[in-house]
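Keep in mind the model is a prediction, meaning the values are calculated, not measured. Below, chains carry the letters A, B, ... as their sequence lines are ordered, and counting in each starts from 1.
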Amino acid sequence: MKNSIKDFYDRTFAHYGDLKWWPAKNPFEVAVGAILTQNTSWKNVEKALKNLRDEDRLSPQAILRAPIYALTESIRPSGYFNQKALRLKAFVEWFDDELDCEFASPDTISTAELRNKLLALKGIGPETADDILLYAFKRPVFVVDAYTYRIAVRHDWAPPLAGYDELAEVFRSNLEEDLFIYQNFHAILVEIGKNFCIKKSPKCDSCPAGKCPDFEGAREFSE
DNA sequence: TTCCTGAATT
DNA sequence: AATTCGGGAA
């Protein structure tokens with residue numbers, strides 16, 4: 001039926017195809033990018049990643065041995081650099097201690113347990129944890145972010161007060177549990193959220209998703 | 001000036 | 001519930 005989540009995915013997938021997310025060379029860079037992109041445009045994260053790469057600091061061992069102040073300078077363009085340097089360090093130390101710097105398979109540790117361990121780290125909240133689970137550990141978890149929330153509310157898929165888990169459940173219950181669909185759906189939501197379903201003055205007329213219930217009103221999004 | 005693929009603190 | 005962290009681009 002129209003305006004269903006499944007129909008939305010089918011239409012947008014026909015337009016975008018496989019977006020091949022997450023944009024990173026390897027799973028470790030996915031995790032680093034996930035932390036650096038918290039409330040930050042990807043453009044700025046790319047600058048930070050380039051600095052890390054140019055300075056040979058984009059590996060677990062390099063980050064383990066780098067002093068915080070050095071990390072801070074490398075990632076400065078991504079913003080919140082003081083916090084993120086600590087968060088990056090904390091994550092890699094855990095990744096080394098707990099997993100020996102390897103992305104564990106499901107029979108070693110369950111997705112639920114892994115998620116709890118990630119959430120226990122300072123600086124890893126539900127979105128960052130799920131990004132890492134979905135794109136680095138390849139676990140089928142549905143990622144919710146600001147774009148997901150905005151698009152869902154504008155489609156009346158969820159109430160404006162919906163919390164993270166509630167919103168994730170709305171999507172899970174309307175899709176088959178499939179790694180590729182979860183990975184690509186989130187990629188599509190980001191693409192549409194960034195380019196069309198933007199916060200103010202959304203470009204509904206050219207949106208690849210077609211008309212959502214908010215189209216006629218073209219009202220601006222408010223939280 | 002606003003906004004950006006959030007999370008912790010108060 | 002409100003504030004804090006932040007450079008970069010529009």
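- Residue-level contact check: A:T128 touches the backbone only, with heavy atoms under 4.0 Å from sugar-phosphate atoms and none from bases.
- Remark: C1' of C:dG7 and CG of A:L71 are 17 Å apart, rounded to the nearest angstrom.
- Closest approach to the A:K122 side chain among B:dG6, B:dT9, C:dG7 is made by B:dT9 (side chain taken as heavy atoms from C-beta onward).
- Each of A:P23 and A:L121 lies near DNA chain B, and the nucleotide nearest A:P23 is the one positioned closer to the 5' end.
- Among the heavy atoms of the strands lying under 4.0 Å from A:E127 are primed sugar atoms or P, OP1, OP2 only; no base atom is included.
- The interatomic distance linking A:Y80 (OH) with B:dG6 (C1') rounds to 7 Å, in whole Å.
- Nearest to the side-chain atoms of A:R87 among the listed nucleotides B:dA7, B:dT9, B:dT2 stands B:dA7.
- Nucleic acid contact for A:L86: none, since no nucleic acid atom lies under 4.0 Å from a heavy atom of the residue.
- At a threshold of 4.0 angstrom between heavy atoms, the contacts of A:L189 with the nucleic acid are absent.
- Of the possible polar contacts, one joining the A:T12 side chain to the A:F8 backbone as a donor-acceptor pair under 3.5 Å is found.
- Side-chain heavy atoms closer than 4.5 Å link hydrophobic residues (I, L, V, M, F, W, Y) into clusters, and following such links, even through other members, never connects A:I109 to A:L119.
- Put simply, A:K199 has no side-chain N or O that comes within less than 4.0 Å of OP1 or OP2 on B:dT2.
- Under the salt bridge (Lys or Arg N to Asp or Glu O under 4.0 Å) criterion, A:D100 pairs with no residue, sequence neighbours left out.
- No donor-acceptor contact under 3.5 Å links the side chain of A:S78 to the base of C:dG8.
- Between the CG atom of A:L36 and the C1' atom of B:dC4 there is a distance of 14 Å, rounded to whole Å.
- Between the P atom of B:dG6 and the CG atom of A:L119 lies a distance of 16 Å, rounded to the nearest Å.
- We find that NZ of A:K84 is positioned 9 Å from C1' of C:dC5, with the value rounded to whole Å.
- Pairs of Watson-Crick or G-U wobble type, with distances under 3.5 Å, assemble into runs of 3 or more in DNA chain C at these ranges: B:1-4 with C:7-10, B:6-10 with C:1-5.
- In this structure, A:N82 reaches the C:dG6 phosphate: one of its side-chain N or O atoms is under 4.0 Å from OP1 or OP2.
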**Request:** May I have the step-by-step check of side chain to side chain donor-acceptor pair (under 3.5 Å) for A:N51 and A:E55, ending in yes or no?
**Result:** CA-CA 6 Å; A:N51 288 343; A:E55 297 158 12; 5.2 Å; no
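- Rounded to a whole Å, the CD1 atom of A:I198 is 12 Å from the C1' atom of B:dC4.
- When the C1' atom of B:dG6 is taken as reference, atom CD1 of A:I132 falls 13 Å away, rounded to whole Å.
- OP1 or OP2 of C:dA9 has at least one side-chain nitrogen or oxygen of A:K47 nearer than 4.0 Å.
- At C:dG8, none of the side-chain N or O atoms of A:N44 fall inside 4.0 Å of OP1 or OP2 (strictly under the cut-off).
- Within the structure, a side-chain polar atom (N or O) of A:R150 is placed less than 4.0 Å from OP1 or OP2 of B:dC4.
- Of the listed residues (A:F137, A:Y135, A:W21), just one forms a side chain to side chain contact (heavy atoms under 4.5 Å, CB included) with A:V30, and that residue is A:Y135.
- Of the candidate nucleotides B:dC4, B:dC3, B:dG6, B:dC3 has the atom nearest to the side chain of A:K200.
- Distance noted for atom P between C:dG6 and B:dT10: 15 Å (whole Å).
- The side chain of A:Q83 has C:dG6 as its nearest neighbour among C:dG6, C:dG7, C:dG8.
- Between A:Y164 and A:Y149, the gap from one ring centroid to the other reaches at least 6.0 Å.
- Using cut-offs of 30° and 60° on the angle between ring planes, the pair A:W94 and A:F91 is tilted.
- Between the side chain of A:S78 and the main chain of A:I75, a donor-acceptor pair closer than 3.5 Å is present.
- If you check B:dA7, C:dG6, C:dA9 against the side chain of A:P126, the one that comes closest is B:dA7.
- In this structure, A:F13 and A:F180 have perpendicular ring planes: the angle between them is above 60°, well past the 30° mark.
- One can place OH of A:Y149 at 14 Å from P of B:dC4, the figure rounded to the nearest angstrom.
- In this structure, A:G79 reaches the bases: a heavy-atom distance under 4.0 Å links it to at least one base atom across the strands shown.
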